[in-house]
Amino acid sequence: MMEFIFVPLVVWICVSGVYGLFELYARRKERLALIEKMGEKVDNSLLGGGFNVLNLSFKSFSSLKIGCLLMGLGLGLLVGLLISAILYSNNFYSGMDNWRIDRYSEVAYGASVLLFGGVGLLISFLVENKLNRKEG
């Protein structure tokens with residue numbers, strides 16, 4: 001029933017894996033260059049005076065993003081199931097062949113998963129912005 005999602009899912013996994021590998025090497029080079037530049041400009045008297053160059057504060061909200069995305073996908077699957085069940089119980093599918101019934105169910109699942117997954121990411125973005133404003 002959900003064959004339509006396997007091909008984009010496999011492509012997304014492959015592309016994100018290759019992207020992650022390239023990003024890993026690029027970030028490593030950036031960090032090394034940043035450390036070299038910082039080493040040239042740092043004066044030893046500054047380090048003794050309570051100034052710590054390595055005190056970089058940033059927060060990663062990746063767990064928030066992943067959590068909101070997964071909650072949105074789960075909610076989307078649930079809404080897709082409810083839409084299919086409601087349409088089936090109201091005899092919307094009467095007189096249709098199995099091919100059309102499967103297609104309507106796939107569209108209900110796919111659209112609701114994409115919609116609620118996007119809403120989950122939007123919610124995580126808004127929460128992240130709100131938390132950043134409180135600190136800054």
Side-chain angles (χ1 to χ4, degrees):
M1 178 187 347
M2 304 244 318
E3 296 89 15
F4 74 96
I5 196 105
F6 289 128
V7 173
L9 185 65
V10 169
V11 170
W12 178 75
I13 289 172
C14 293
V15 168
S16 64
V18 171
Y19 175 75
L21 191 64
F22 282 122
E23 184 182 16
L24 180 70
Y25 287 119
R27 280 189 176 183
R28 182 172 183 255
K29 287 181 182 179
E30 281 181 11
R31 288 182 188 141
L32 289 174
L34 184 63
I35 289 171
E36 287 177 10
K37 286 183 181 181
M38 284 175 39
E40 296 169 359
K41 294 180 181 179
V42 172
D43 189 16
N44 289 335
S45 64
L46 291 175
L47 291 176
F51 178 72
N52 190 357
V53 176
L54 299 177
N55 189 10
L56 302 174
S57 64
F58 67 93
K59 290 194 175 182
S60 174
F61 291 97
S62 59
S63 59
L64 175 69
K65 290 176 190 172
I66 291 171
C68 286
L69 176 65
L70 291 178
M71 283 179 22
L73 293 178
L75 186 62
L77 285 172
L78 181 66
V79 169
L81 175 68
L82 291 175
I83 290 172
S84 294
I86 288 170
L87 291 177
Y88 187 74
S89 66
N90 289 339
N91 293 327
F92 178 76
Y93 295 133
S94 63
M96 290 187 192
D97 55 350
N98 287 337
W99 184 84
R100 284 191 180 181
I101 293 172
D102 287 343
R103 295 300 165 237
Y104 279 121
S105 295
E106 286 179 4
V107 168
Y109 277 110
S112 61
V113 163
L114 292 174
L115 176 70
F116 285 101
V119 168
L121 287 175
L122 183 64
I123 289 171
S124 71
F125 174 74
L126 295 174
V127 169
E128 182 178 342
N129 277 346
K130 188 174 183 179
L131 290 175
N132 282 336
R133 285 188 195 145
K134 282 184 180 179
E135 285 184 6

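The first residue of the sequence shown is numbered 1, and numbering continues consecutively from there. Predicted, not measured: the structure shown is a model, and the values here were computed from it.
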- Query: Considering residues at least two apart in sequence or located in another chain, which fulfil the side-chain contact (heavy atoms from CB on, under 4.5 Å) criterion with Val119?
  - Reply: Ile123
- With Phe116 via ring-ring contact (aromatic ring centres under 6.0 Å, His included) - residues at least two apart: none
- Query: Which residue pairs pass the salt bridge (Lys or Arg N to Asp or Glu O under 4.0 Å) test when at least one of the two sits in residues 67-93, sequence neighbours left out?
  - Reply: none
Name every donor-acceptor pair, under 3.5 Å, that has one atom in a side chain of residues 66-89 and the other anywhere in the protein, sequence neighbours excluded.
residue : atom : partner : partner atom : Å
Ser84   : OG   : Gly80   : O            : 3.1
Ser89   : OG   : Ala85   : O            : 3.2
Ser89   : OG   : Ile86   : O            : 3.0

- Message: Could you measure the distance from the CD atom of Glu36 to the CG atom of Leu34? Nearest 0.5 Å is fine.
- Response: 10.0 Å
Donor-acceptor pairs are to be reported for all side-chain atoms of residues 15-25 against protein atoms at under 3.5 Å, with residues two or more places apart or in another chain.
residue : atom : partner : partner atom : Å
Ser16   : OG   : Trp12   : O            : 2.9
Ser16   : OG   : Ile13   : O            : 3.0
Glu23   : OE2  : Arg27   : NE           : 3.4
Glu23   : OE2  : Arg27   : NH2          : 3.2

